[in-house]
Amino acid sequence: MSERRKQFPFLQFEPKWQRLWQERQTFHAPNPGEPGFDPTKPKFYVLDMFPYPSGEGLHVGHLEGYTATDIIARYKRMKGFNVLHPMGWDAFGLPAEQFAIKTGQHPSVATARNIERFKGQLKKIGFSYDWLREINTTDPGYYKWTQWIFLKLYNSWFDPEANAARPIAELLEKRNRDYPHESEEERLEFLNGQRLAYVAEAPVNWCPDLGTVLANEEVVDGKSEIGGFPVVRRPMRQWMLRITAYADRLLEELEGLDWQESIKALQRNWIGRSEGATVNFPVDGLEDLITVFTTRPDTLFGATYVVLAPEHPLVDRVTTKAQTPPVVAYRERIATKSDLERTDLAKEKTGVFTGGFAINPVNQERIPIWIADYVLMSYGTGAIMAVPGHDERDFQFAEKFGIYIRYVVEPPRSTEACFTGEGVAKNSRFLDGLPTPEAKRKMIDWLEKEGHGKRSITYKLRDWLFSRQRYWGEPFPIIWRDGKHQGLRESDLPVVPPPLDDYRPTGTIEPPLAKAREWITLSGGATRELNTMPQWAGSCWYFLRFASPHETNRFVNETAERYWMAGNESRKHRSGGVDLYVGGTEHAVLHLLYARFWHKLLYDLNYVSTIEPFQRLVNQGMILGQDNQKMSKSRGNVVTPDDIVEEYGADSLRLYEMFLGPLEATKPWSMSGVEGVYRFLARVWRLAMDEDQEGEWNLSPALASVDLNRKQLSIVHATIKKVSEDVESLSFNTAIAQMMIFVNEFTAAEIRPVEAVRTLLILLNPFAPHLSEELWWRLSFGFAGFEGMACEQRWPEWDDQFLAKDDLEIVIQVNGKLRDKITVRRDLENEELQRVALASVKVQEAARDKRVRKVIIVPNKLVNIVLE
RNA sequence: GCCGAUGUGGCGGAAUGGCAGACGCAACGGACUUAAAAUCCGUUGACCCGAAAGGGUCGUGCGGGUUCGAGUCCCGCCAUCGGCACCA
């Protein structure tokens with residue numbers, strides 16, 4: 001098939017234009033103050049989620065989003081915007097390191113090669129990136145600032161009163177004032193407990209095969225997201241980022257963003273805010289209090305037992321001698337289980353009675369304390385009050401172990417064994433008769449008044465486990481002295497990883513950096529932190545770096561940041577950021593949440609001008625293989641862009657990516673669909689070009705500088721309107737359909753007005769830039785009006801006057817059903833229209849023996865005659 | 001179980017509450033050709049009546065509703081996909 005003659009010479013002109021764009025720096029966007037910068041133009045920042053340069057190369061799924069943003073970037077330039085459209089590489093990460101271990105080659109070598117490959121592929125598709133702004137997260141000039149931001153996290157605390165991060169120095173001052181006699185040791189401990197980057201001994205997800213810990217988000221079904229290796233929980237000392245401090249802002253500040261509702265929902269879900277109360281249950285015979293969190297304080301009278309998580313610190317204290325053996329045995333059984341096994345057993349509740357009793361503060365009832373693994377130490381307080389009458393899990397547990405069930409909510413209708421909805425309180429003394437929401441409020445007031453508890457909010461979101469025991473990542477700008485950590489000074493950055501020959505995991509929990517003896521040992525007995533940052537770090541702020549990728553004095557140039565991240569004037573104060581951000585749904589939670597978190601820190605500390613990084617977000621859908629299955633090597637249904645470019649040209653690839661269907665939908669690839677758009681482009685080519693006997697392409701003799709007739713004008717203006725509006729709304733598929741209608745129309749014309757072709761080439765330019773440039777250039781030899789490059793032309797405007805027809809077809813309905821069509825003069829008066837419609841033979845037939853009850857008239861569109 | 005999408009011809013998909021199926025693919029017929037490919041022109045939701053011209057009925061996952069009029073709005077189901085999942 002590849003031997004077949006091409007329908008137009010894209011193999012020649014596509015590389016030519018790519019070279020010219022490169023040579024002329026056509027798509028370079030100067031910063032404010034730089035030569036060539038035009039301050040009169042508005043700005044537009046359109047960004048792709050930058051890729052991890054894998055060994056596999058790009059596949060057609062990546063390109064869908066990239067094509068969409070490229071069309072927008074080119075369109076906005078033609079509309080007179082200064083457009084920032086950059087690309088870079090998220091190049092730290094596990095796959096490169098795993099590959100390096102396998103091949104014995106340094107990860108930087110494979111990374112550089114993969115980047116070359118990716119870049120080559122992108123250039124062959126003709127994307128209009130400003131390559132002078134290319135960034136790479138593994139470049140010391142870049143990760144210096146990743147480390148710098150980490151130091152900002154390390155040296156900040158979250159002030160709940162300001163609801164914002166503040167420098168830790170301010171806290172230190174305040175502490176010195178409030179506790180002047182505190183020891184140095186105590187003060188340090190206090191500060192360390194407040195930092196947004198802190199060290200904690202916590203149960204973590206340890207993956208022995210990868211030799212690293214993973215964030216909760218990187219563990220799927222008890223296995224590592226990368227590689228699918230088993231993950232076990234074990235306590236380790238780790239760096240954590242206090243993202244939970246920002247939980248409320250991450251939730252609230254989502255509101256002003258132009259994101260799909262579904263993505264906002266995913267984030268809200270992940271943050272998982274629950275309103276309720278904490279309640280203190282005294283332990284019978286001890287001084288201790290068991291604090292539980294509940295969203296249903298109104299059911300406190302129905303609490304007939306208390307459950308602690310097996311790891312709960314109070315378990316040892318409440319357990320009686322007699323119950324110690326089974327409790328110890330149960331805890332051991334749970335501890336050795338992985339999370340996967342623990343959820344596997346979810347169907348059948350397990351647990352053990354501790355022998356201890358708690359006192360229900362509302363009625364002084366003595367209720368048993370159990371431990372069970374259905375209560376998680378990591379959520380809420382790690383303890384619950386069990387209300388089996390109104391909670392499914394508690395009900396199952398109580399049924400199994402024969403614990404008393406008391407019903408305290410009257411359901412609105414039929415009663416089930418366990419009712420979890422809202423109703424009216426009963427068997428609850430001072431709550432009796434109150435609807436659930438009021439009962440909740442009243443109970444919380446009571447708890448607060450009596451000192452037994454208080455209003456409380458809990459989140460599912462956990463602090464972000466931020467260290468990895470790997471080589472190929474950003475080293476922490478942290479040193480250790482006498483068992484205490486210290487942040488480095490800004491002048492010590494970047495911390496460059498040592499040139500290790502052997503960066504394999506050590507086989508223990510010791511990170512590979514431990515092998516670099518000289519590197520880790522510093523003067524004065526200090527040593528370097530051995531962990532590295534997770535892959536997400538570099539992508540948390542790369543969109544800022546693009547504004548001034550070569551700035552050496554600051555993570556981003558201040559003026560450039562203010563310019564490119566500025567909000568639209570119609571928007572509220574402080575909003576703004578990237579004007580359009582496009583990427584896959586797989587990043588809906590992790591990357592987007594992490595990046596928002598870092599951005600808010602930088603905002604709080606006055607380093608950036610907007611509260612949110614990405615004003616508008618669009619998630620492109622997945623592209624499936626021809627067989628409707630997810631594309632994968634093992635299924636053999638992967639489509640490689642290189643093959644398509646070779647066979648049909650980059651423009652065909654771009655156009656097909658967009659013609660498949662709506663950007664956000666999941667849709668299957670189809671090779672004959674590619675042929676379809678290829679044929680369309682060939683028709684565009686032949687609209688202007690003619691092949692002679694020798695097989696040479698010349699300007700078509702049908703082209704002429706003539707005025708357009710009425711119908712042609714109407715099509716041209718309808719196309720300008722449709723394409724402009726559809727590009728704005730990212731409905732690229734229908735924009736292309738309209739251009740196809742245009743081409744079908746003019747292909748049929750014996751004489752083709754050059755002006756129409758000229759307009760088409762401009763409209764088509766963002767979609768098929770090579771073909772558009774080539775024809776533009778060729779036409780310049782025969783006709784006036786083709787100066788410069790097509791991509792530098794002003795986007796055309798449409799005129800409604802050409803869209804309106806003098807005569808139009810009116811639909812005649814009888815009782816809402818289509819019965820006839822009539823052609824009438826435009827803007828015919830309603831009375832006249834009704835008269836004509838009633839006169840229609842079809843209407844006459846239908847209306848025989850019937851009375852006309854009503855006539856609905858939609859001017860210039862339809863008449864509906866309603867009969868008895 | 002909860003949250004969020006989606007459901008329209010043989011296929012991908014179009015349709016500010018107003019002609020359902022734009023555009024493309026596939027299929028079929030024709031022109032060009034010695035022939036084929038490519039190209040160009042045309043037909044193509046299903047069913048029914050008619051020799052034909054033409055005409056009719058049904059039709060947007062299912063069941064209701066609102067409306068002169070519903071693919072579109074409302075209520076209740078079903079199915080598929082994605083996310084979360086013992087989160088108190």
Checking only heavy atoms, does the side chain of [X] share a donor-acceptor pair with the base of [N] at less than 3.5 Å?
X: A:Lys821; N: B:C19; result: yes
X: A:Lys349; N: B:C86; result: yes
X: A:Lys854; N: B:U67; result: no

Roughly how many Å is it from [atom1] in [X] to [atom2] in [N], rounded to a whole number?
X: A:Lys842; N: B:G54; atom1: NZ; atom2: P; result: 11 Å
X: A:Met385; N: B:C86; atom1: CE; atom2: P; result: 20 Å
X: A:Arg819; N: B:G55; atom1: CZ; atom2: P; result: 12 Å
X: A:Tyr656; N: B:G12; atom1: OH; atom2: C1'; result: 6 Å
X: A:Tyr678; N: B:A38; atom1: OH; atom2: C1'; result: 10 Å
X: A:Glu399; N: B:C86; atom1: CD; atom2: P; result: 21 Å
X: A:Trp669; N: B:G13; atom1: CH2; atom2: C1'; result: 16 Å
X: A:Gln267; N: B:G82; atom1: CD; atom2: C1'; result: 16 Å

Between A:Trp685 and A:Trp697, is the ring centre distance below 6.0 Å?
->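 Yes, close enough.
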Would a line drawn from the ring center of A:Tyr648 to the ring center of A:Tyr656 be shorter than 6.0 Å?
->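 That pair fails the under 6.0 Å test.
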In whole angstrom, give me the gap between the P atoms of B:C40 and B:G24.
->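 The answer is 11 Å between these two P atoms.
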Could you work out the separation of B:C68 and B:G4 based on their P atoms and round it to a whole Å?
->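 Approximately 33 Å lies between the P atom of B:C68 and that of B:G4.
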For B:U39, does either OP1 or OP2 sit under 4.0 Å from a side-chain N or O belonging to A:Gln7?
->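 The answer is yes; a side-chain N or O of A:Gln7 sits under 4.0 Å from OP1 or OP2.
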At under 4.0 Å, does any side-chain N or O of A:Lys817 touch on OP1 or OP2 of B:C58?
->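 For A:Lys817, the contact criterion (side-chain N or O under 4.0 Å from OP1 or OP2 of B:C58) is met.
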NA contact type, [X], heavy-atom cut-off 4.0 Å: base, sugar-phosphate, or nothing?
X: A:Lys667; value: sugar-phosphate
X: A:Leu862; value: base
X: A:Ser274; value: sugar-phosphate

Are the charged groups of A:Lys440 and A:Glu275 less than 4.0 angstrom apart, N to O?
->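 No, this pair does not count.
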Short N-O contact, A:Arg296 and A:Glu422, less than 4.0 angstrom =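 Salt bridge flag = no for A:Glu422 with A:Arg296.
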Set out, line by line, the N/O atom pairs under 3.5 Å between protein and nucleotides 2-6 of chain B.
none

How would you label the glycosidic angle of B:G17: syn (within 90° of 0) or anti?
->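 The base of B:G17 is oriented anti (glycosidic angle more than 90° from 0).
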Listed partners of [X] passing side chain to side chain donor-acceptor pair (under 3.5 Å), at least two apart:
X: A:Thr719; answer: A:Gln738
X: A:Asn815; answer: none
X: A:Glu728; answer: A:Tyr75

Side chains of residues 452-460 of chain A: which donor-acceptor partners sit under 3.5 Å, not counting sequence neighbours?
{"residue": "A:Tyr459", "atom": "OH", "partner": "A:Asp248", "partner atom": "OD1", "Å": "2.9"}
{"residue": "A:Tyr459", "atom": "OH", "partner": "A:Asp248", "partner atom": "OD2", "Å": "2.7"}

Reading nucleotides 20-33 of chain B from the 5' end, what letters show protein touch, with B for base, S for backbone sugar-phosphate only, - for no heavy atom under 4.0 Å?
-> --BBSSS-------
Return the orientation label for the A:Phe401 and A:Trp370 ring planes: parallel under 30°, perpendicular over 60°, tilted otherwise.
->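 Ring orientation of A:Phe401 relative to A:Trp370: tilted.
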From CZ (A:Phe8) to CG (A:Leu681), nearest 0.5 Å |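 It is 4.5 Å, given to the nearest 0.5 Å.
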5'-most contact on RNA chain B: A:Tyr379 or A:Ala748, nearest heavy atom basis?
->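 This one resolves to A:Ala748.
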Picking from B:A88, B:C68, B:C84, which would you name as closest to the side chain of A:Val375?
->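 Output: B:A88.
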A:Pro662 side-chain proximity, nearest of B:A88, B:G13, B:C40 |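 The nucleotide sitting nearest to the side chain is B:G13.
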Could you check which nucleotide pairs with B:G4 in any of the strands shown, counting Watson-Crick or G-U wobble with both distances under 3.5 Å?
->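 Check on B:G4: paired to B:C81, both distances under 3.5 Å.
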Heavy-atom check, side chain of A:Thr294 versus side chain of A:Ile384, under 4.5 Å |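 The answer is no, as the side chains (C-beta and beyond) never meet within the 4.5 Å cut-off.
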